[in-house]
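Single-structure report; data block below.
Naming: A, B, ... by sequence-line order, numbering from 1 per chain.
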Amino acid sequence: MEKAREIQIYNTLSRSKEVFEPITPGKVGLYVCGPTVYGDAHLGHARPGITYDVLVRLFRHLGYKVRYVRNITDVGHLENDGDAGEDKIEKKARLEQLEPMEIVQTYTLRFHDAMRKLNTYPPSIEPRASGHIIEQIAIVKDILDKGLAYISNGSVYFDVCEYSRSHNYGALSGRNLEDMISNTRVLEGQDDKHSSADFALWKKASAEHIMRWPSPWSDGFPGWHLECSAMSAKYLGDELDIHGGGMDLMFPHHECELAQNTAARGKGGVKYWMHNNMITINGQKMGKSLGNFITLDELFTGSHKILEQAYSPMTVRFFILQAHYRSTLDFSNEALQAAEKGLKRMLQAAKDVKNLKVAASVVEKGVADEIQQIRENIYTALCDDLNTPIALSYLFDTVRIVNQVKDGTMIIGAGEKAVLESLFTNITDGVLGLVDEQTGADGASVNTKVLDGVINMVLEERKVAKATKDWAKSDKIRDDLKALGIGIKDTKDGSEWTLE
RNA sequence: GGUACCAUGGCCGAGUGGUUAGGCAGCGGUCUGCAAAACCGUGUACAGCAGUUCGAAUCUGCUUGGUACCUCCA
């Protein structure tokens, strides 16, 4: 475990980087908005999944105890904000003639599967909105008691205008309430609201609405924004360290959450708001509503017409980490292919570092200093608002060093080797979560012991062929192994093989 | 229309008022039976115009182009 370091985080609330100071020393409470489970996870979902995973890994590596809460939205998320807006999950259930909770279960499991493939840690707690109706009703009551909400035709709405008298609605998203009201598009069936800026805390269910719960106001269901206020408070307390999510959730979702927290508890409840940027495709946001998304499954199998090939989960992870989380990242086959090759080189070095030969005698001072400096640069980059692209660029410096030592053009001692090894173990694998998928967390069951023995036998045959300059035989062995997905590289010290 | 943000070499993508980001591709070389890999060398990039400055791709203004949010979205 690395010693504690100062970590800077860009806080959307202040629009600047701030030094992270935990509310409770040594502990981090992190809440991240999870998916609404009415469809397959797409490349866009991988961004927050991986970004906050790296954040969690970094905090843990630096000695913090992290409670990572990421919810599953399984109720309350409507197609639009009008009274006639249909619940996304109910709609999907109707289309597929299934129970809403069958939809929820199906896509929750598929989401888990995709996140596992991307080598993300599961959250410490993964609460569902439908399991926290009581908590949500309690918050509605609280806000009503404070006079910051009103009941209208069985539904309860947050009174944004009243709230704005004493608080700044728009503090997080940087919006101005008057602009919002005058510029809001007119939606159908908003007659129950006093103002277009108001948002639902509780909605009365129409006769055909399946997902409904009793409440003091009507049989109905909670508003979308309410679940995060309820679940973050329940599991992380009235005040939590970090709340993360996609930039597209900043408004209205997080703005409303902030307003709800403030109205109910008298404080915003979140110290640092983090927002990851979007992944774009041809310069445009990738999203369900735009229909231009690629699901993670399609990406992993190559089954989408714009994909030139399949891309492994690790390639996707590396691709995402090569850009800063607050920048947009544009998808292209070329960029993914570049990522695939870069990752391969890095992971090969991660393997090779373990077998480097070290010099017993004194090593040039410069080399040791250089390695120490690279190490320092990597930590500095990661602690500077999670600058993974910079960390990766320094990691590639270590890759070059490993290869030079392997080639014999550089000499290091045992101390230097230990530092290099620790960087690959703790940073490449530990914090960035980049692992060789054959042996990695994915658990692909390759019986390496048996395979190793068999291939070495074959390679011994080839060695004999090479020694007698029987190139035809030696090349045939190499070609046949390649056809089986085993690559051969000849080096000075013999042949190496890898599973491709 | 309102509010933000962005524009970097063939592609992706960092970054800073003056010194090499990095990855991928390309080119030249080393190594090698060949191949692969690796290593070495190699790019005078920062949308345009004007200004501030000893010096700007980095600051300011304008112009152009693009994106996001204001409906649901990671």
Record whether the side chain of A:R15 comes under 3.5 Å of the base of B:C5 through a donor-acceptor pair of N or O atoms. no
Please give the distance between the [atom1] atoms of [N] and [M] as a whole number of Å.
N: B:U64; M: B:A25; atom1: P; value: 40 Å
N: B:U20; M: B:A68; atom1: P; value: 37 Å
N: B:U71; M: B:U52; atom1: C1'; value: 44 Å
N: B:C12; M: B:G48; atom1: C1'; value: 24 Å
N: B:G22; M: B:A45; atom1: P; value: 16 Å

When you measure from the side chain of [X], which nucleotide among [options] comes out closest?
X: A:D330; options: B:C34, B:C12, B:A14; answer: B:C12
X: A:A323; options: B:G13, B:A37, B:A74; answer: B:G13
X: A:R175; options: B:A14, B:C69, B:C12; answer: B:C69
X: A:N403; options: B:A74, B:C12, B:A38; answer: B:A38

Exercise: identify the closest heavy-atom pair between A:N292 and A:M286: OD1-CA, 3.4 Å
Residue met sooner reading RNA chain B from 5', once A:W224 and A:Q348 are mapped to nucleotides: A:Q348
Keeping to residues at least two apart or across chains, list the ring pair (Phe, Tyr, Trp, His ring centres under 6.0 Å) pairs with something in residues 375-412 of chain A. A:H61-A:Y379
Helical stems, RNA chain B - three or more consecutive Watson-Crick or G-U wobble pairs below 3.5 Å: B:1-7 with B:64-70, B:10-12 with B:22-24, B:26-30 with B:38-42, B:47-51 with B:59-63
Base, sugar-phosphate, or nothing: which does [X] touch, judged by heavy atoms less than 4.0 Å apart?
X: A:M286; result: base
X: A:M278; result: base
X: A:L329; result: sugar-phosphate
X: A:H42; result: base
X: A:I488; result: base
X: A:G283; result: sugar-phosphate

Which atom pairs link the protein and nucleotides 15-19 of chain B when you take only N or O atoms and keep those under 3.5 Å?
from	atom 1	to	atom 2	distance (Å)
B:G15	OP1	A:N387	ND2	3.4

Please check this pair: side chain of A:T409 against backbone of A:Q404, looking for a donor-acceptor N/O pair closer than 3.5 Å. yes
Is the backbone of A:M250 close enough, under 3.5 Å, to the side chain of A:E255 for a donor and an acceptor to pair up by distance? no
Sequence neighbours excluded, which residues qualify as side chain to side chain donor-acceptor pair (under 3.5 Å) partners of A:E208? none
OP1 or OP2 of B:A35 under 4.0 Å from side-chain N/O of A:K482: no
For nucleotides 41-47 of chain B, tabulate all protein N/O to nucleotide N/O atom pairs closer than 3.5 Å, reporting atom names and distance.
none

Protein-to-nucleotide contact annotation, 5' to 3' order, nucleotides 22-31 of chain B [B base; S sugar-phosphate only; - none; under 4.0 Å, heavy atom]: BBSS------
Has A:R175 got its NZ or CZ under 6.0 Å from the middle of the six-membered ring of A:F251, at an angle within 45 degrees of the ring axis? yes
